[in-house]
S.K.: 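One structure follows; several queries about it will come next.
Quantities reported herein were computed from a predicted structural model and do not represent experimental measurements.
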Amino acid sequence: MQEEIIDFFRNPALFIYITLMMTVCVVHGSQQVGDVVETEFHAYRLHQYEISGNMYGSRNHRVSYEAVSLSARALRRTMVTTWREFLTHDVDDMWSIATGAVLIFIPDNIDELNDIDRKAFLDLEVKLLNVKTDLAVYVAPHNDDAASILHDVSTRAEKAPSAVQQLIQSLSGNTISITSSDQIPELPDSYKPSNVVGRLSSGDRASLTIAFVAHYDTSSTVPGISTGTDSNGSGIVALLELLAVLSKFYDTPSTRPPYNLLFIWTAAGKLNYQGTRHWIDEFQKGNEGADFLDSGLNRKDDRIDLAICIESIGRKTDGLYMHAGKTPSENSAAAQLFRRLNKIAPNKKTELVTKKISLTTASAWEHEKFNIKRMPAVTLSTLASPSGPARNSILDLPSTLDEEELMDNIRLIAESVLGYILGLPEAGPSSDSRIKSEVSMLSKDAIDKQRVHHFIRQFASRPRPVGDRHATESVVSNLASVAAAYGQVFKSAVTITDAKTFGITQNRLVAERVKPAVFELVIAAGVFGYLSVFYYVATHSQKSVEGAVSAIRRSIF
């Protein structure tokens, strides 16, 4: 029995086993000291698009860097900050010193910002609007996990009282490593958003055509969280409600107006109105085409009398603005529409705003695409200028939309267009001073409040960026389904020519709390030293074992 015990300790396999076990314990212990904690959260990427060869926004979406504070001048790091702190720094300087990524935490409920904070937030968006950078820039809502990340980053950025304490802190303090999932595919080259076209036909091939136009996509500095409720969710809703209301006049030949009506929801409006440009090009090519054009349910002999583009008509204002390339002639359809808008609702002033069209820059309003092709068109909006910050803001939320104002503006447009296509006097149906009502053709409940509210919830309450293929296809499918209940509907794929959009509007980021790389080097050095000592002991242990065995024998025998 004693000999067996002695032979067991002589066996070299015992030393190999002990070596491996102790190595595993040391390495595992070093990982436990690292206190690894993972936090997953959704972040939304800064916009990325290209117009006429000019690239805007963030050109990268991959993140795999250590988190540092905004003031740190470190290469290949993720700068983590709050939106308020971001406003206090020189943005241009930040882009030049960083080669990794930027993560900005914004309020989790921006609806609750007060007026001062809303103005400051708009300033943030202005700073980000024209950014051109190779960094991956993300925005994420602030929550408890974000507060923990910011605390760790700021704590590590603080200077210790002495050099020794600073060294210890750099070796033992936690760091945050932020990585992206990279599981979201880029948009394929074959991806094409679609226009949706609805039609109410007069039945007469010689009839003129009035087109209602509104782009359905949204945009902002961070398109993944931009609901675009007013710009241009209100335009989507207005066209749907106008189609529902005016379709009743086309149900029977006796009430059918002598005009065709087109309702065109265009794609990529925020990308220099690519859907509008595509529809116009196909429309003009169609004069030599088939009976019906592929670009929509318009006939090859259709003649556009006026295109009425609608954008942002859901905010509480004193009236509307009619935007045009130049002052329309007195007898033109645009001039007659303008006069009717003012006379039907004298308490709601409509103002004409003319702006010269530039052929070298992106179009400011949708009607400019028609004017460039010498087609009559105007834009109706509550915005006096195309450069208003609210037009492309994250703050364009459902809470900012005034449903009553939107319904009033839809009624005003419907009344004015009906008066024009039915040839009613511009002064109204009666000159009797005792008639005070502003309604001439539609009943009090013609604009259905419940229907408008449903359209707002369905089409104006969630992001619709053209770079999000799923969101775009969902909007197109739903628009076509709803519009088909009132008229003929057609979908047309849009070929984007002088612009380009990019996918990955949001991503899943993982923040991992680990020990710094220097700490891992220290642990590695300790393991190497331990293995060296153990190797020396193992190689010189035979003599020690023999001595121990002899001592045991003497004590036993």
S.K.: Of Val137, Val102, Leu46, which meets side chain to side chain contact (heavy atoms under 4.5 Å, CB included) against Val131?
M.R.: Leu46

S.K.: Ignoring hydrogens, what is the shortest heavy-atom contact between Ala333 and Asp305? Give both atom names and the distance.
M.R.: CB-OD2, 3.6 Å

S.K.: For Ser399 and Asp111, which I'm curious about, is there any donor-acceptor pair between the side chains at under 3.5 Å?
M.R.: yes

S.K.: For Thr317 and Thr382, does a side-chain donor sit closer than 3.5 Å to a side-chain acceptor?
M.R.: no

S.K.: Less than 3.5 Å apart, which donor and acceptor atoms pair up between the side chains of residues 500-507 and the rest of the protein, not counting sequence neighbours?
M.R.:
{"from": "Asn507", "atom 1": "OD1", "to": "Ser181", "atom 2": "OG", "distance (Å)": "2.8"}
{"from": "Asn507", "atom 1": "ND2", "to": "Tyr138", "atom 2": "OH", "distance (Å)": "3.3"}

S.K.: Salt bridge check, Arg199 against Asp302: does any charged N sit closer than 4.0 Å to a carboxylate O?
M.R.: yes

S.K.: Can you list the steps and then say if Ser234 with Thr229 is a side chain to side chain contact (heavy atoms under 4.5 Å, CB included)?
M.R.: CA-CA 6 Å; Ser234 62; Thr229 303; over 6 Å; no

S.K.: Are a donor atom and an acceptor atom from the side chains of Glu112 and Asn109 found within less than 3.5 Å of each other?
M.R.: yes

S.K.: Would you please say whether a donor-acceptor pair under 3.5 Å links the side chains of Ser381 and Thr379?
M.R.: no

S.K.: With sequence neighbours excluded, what pairs up with Thr400 under the side chain to side chain contact (heavy atoms under 4.5 Å, CB included) test?
M.R.: Arg118, Arg315, Asp396

S.K.: Do Lys343 and Ser416 get their side chains close enough for a donor-acceptor pair, meaning under 3.5 Å?
M.R.: no

S.K.: For Ala384, what residues pass the side chain to side chain contact (heavy atoms under 4.5 Å, CB included) criterion, not counting sequence neighbours?
M.R.: Tyr321

S.K.: For a quick check under 3.5 Å, do Asn60 and Gln48 share a side-chain donor-acceptor pair by atom type?
M.R.: no

S.K.: Given the rule in the salt bridge (Lys or Arg N to Asp or Glu O under 4.0 Å) test, do Glu186 and Arg469 qualify, once you have shown the distances and angles that lead to the verdict?
M.R.: CA-CA 10 Å; Glu186 288 276 13; Arg469 182 176 183 177; over 6 Å; no

S.K.: Side chains of Ser220 and Glu125: any donor to acceptor distance under 3.5 Å?
M.R.: no

S.K.: Please, which pairs that meet ring-ring contact (aromatic ring centres under 6.0 Å, His included) have at least one residue in residues 322-342, sequence neighbours excluded?
M.R.: His323-Trp365

S.K.: Please collect all ring-ring contact (aromatic ring centres under 6.0 Å, His included) contacts where either partner lies in residues 190-223, sequence neighbours excluded, each pair once.
M.R.: Phe212-Phe263, His215-Tyr273

S.K.: With sequence neighbours left out, which residue pairs that include part of residues 328-342 fulfil the salt bridge (Lys or Arg N to Asp or Glu O under 4.0 Å) condition?
M.R.: Arg339-Glu426

S.K.: Does any pair with a residue in residues 129-139 pass salt bridge (Lys or Arg N to Asp or Glu O under 4.0 Å), and if so which ones, sequence neighbours excluded?
M.R.: Arg59-Asp134

S.K.: In sequence, state the C-alpha distance, the side-chain angles, and the governing distance for Val475 and Trp265, and then conclude on side chain to side chain contact (heavy atoms under 4.5 Å, CB included).
M.R.: CA-CA 10 Å; Val475 169; Trp265 293 270; over 6 Å; no

S.K.: Would you tell me whether Asn195 and Ser492 have side-chain atoms, one donor and one acceptor, within less than 3.5 Å of each other?
M.R.: no

S.K.: What residues form a salt bridge (Lys or Arg N to Asp or Glu O under 4.0 Å) with Asp281, not counting sequence neighbours?
M.R.: Arg277, Lys373

S.K.: Would you please name every residue forming a side chain to side chain donor-acceptor pair (under 3.5 Å) with Lys449, sequence neighbours left out?
M.R.: Glu404

S.K.: Mind checking side chain to side chain contact (heavy atoms under 4.5 Å, CB included) for Val126 and listing every partner two or more places apart, or none if nothing turns up?
M.R.: none

S.K.: Counting the benzene-type ring for Trp, do Phe105 and Trp83 have ring centres under 6.0 Å apart?
M.R.: no

S.K.: Using the side chain to side chain contact (heavy atoms under 4.5 Å, CB included) rule, take Phe121 and Ile106 through it: C-alpha gap first, then chi angles, then the decisive distance, then the call.
M.R.: CA-CA 9 Å; Phe121 196 88; Ile106 63 173; 4.0 Å; yes

S.K.: Please list every donor-acceptor pair under 3.5 Å in which a side-chain atom of residues 240-252 meets a protein atom from a residue at least two apart or in another chain.
M.R.:
{"from": "Glu241", "atom 1": "OE1", "to": "Arg451", "atom 2": "NE", "distance (Å)": "2.8"}
{"from": "Glu241", "atom 1": "OE2", "to": "Asp448", "atom 2": "N", "distance (Å)": "3.0"}
{"from": "Glu241", "atom 1": "OE2", "to": "Arg451", "atom 2": "NE", "distance (Å)": "3.4"}
{"from": "Glu241", "atom 1": "OE2", "to": "Arg451", "atom 2": "NH2", "distance (Å)": "2.7"}
{"from": "Ser247", "atom 1": "OG", "to": "Leu243", "atom 2": "O", "distance (Å)": "3.1"}
{"from": "Ser247", "atom 1": "OG", "to": "Ala244", "atom 2": "O", "distance (Å)": "2.9"}
{"from": "Tyr250", "atom 1": "OH", "to": "Tyr259", "atom 2": "O", "distance (Å)": "2.6"}
{"from": "Thr252", "atom 1": "OG1", "to": "Ser254", "atom 2": "OG", "distance (Å)": "3.4"}
{"from": "Thr252", "atom 1": "OG1", "to": "Thr255", "atom 2": "OG1", "distance (Å)": "3.1"}

S.K.: Are side-chain N/O atoms of Gln450 and His454 paired as donor and acceptor at under 3.5 Å?
M.R.: no

S.K.: Answer yes when Glu473 and Lys192 have at least one side-chain N-carboxylate O distance shorter than 4.0 Å, and no when they do not.
M.R.: no

S.K.: Go through the structure and list residues passing side chain to side chain contact (heavy atoms under 4.5 Å, CB included) with Thr82, not counting sequence neighbours.
M.R.: Arg84, Glu85, Leu150

S.K.: Could you state the interatomic distance from CG (Leu352) to OG1 (Thr327), rounded to the nearest 0.5 Å?
M.R.: 5.5 Å

S.K.: Do His47 and Tyr49 make the cut of ring centroids closer than 6.0 angstrom?
M.R.: yes

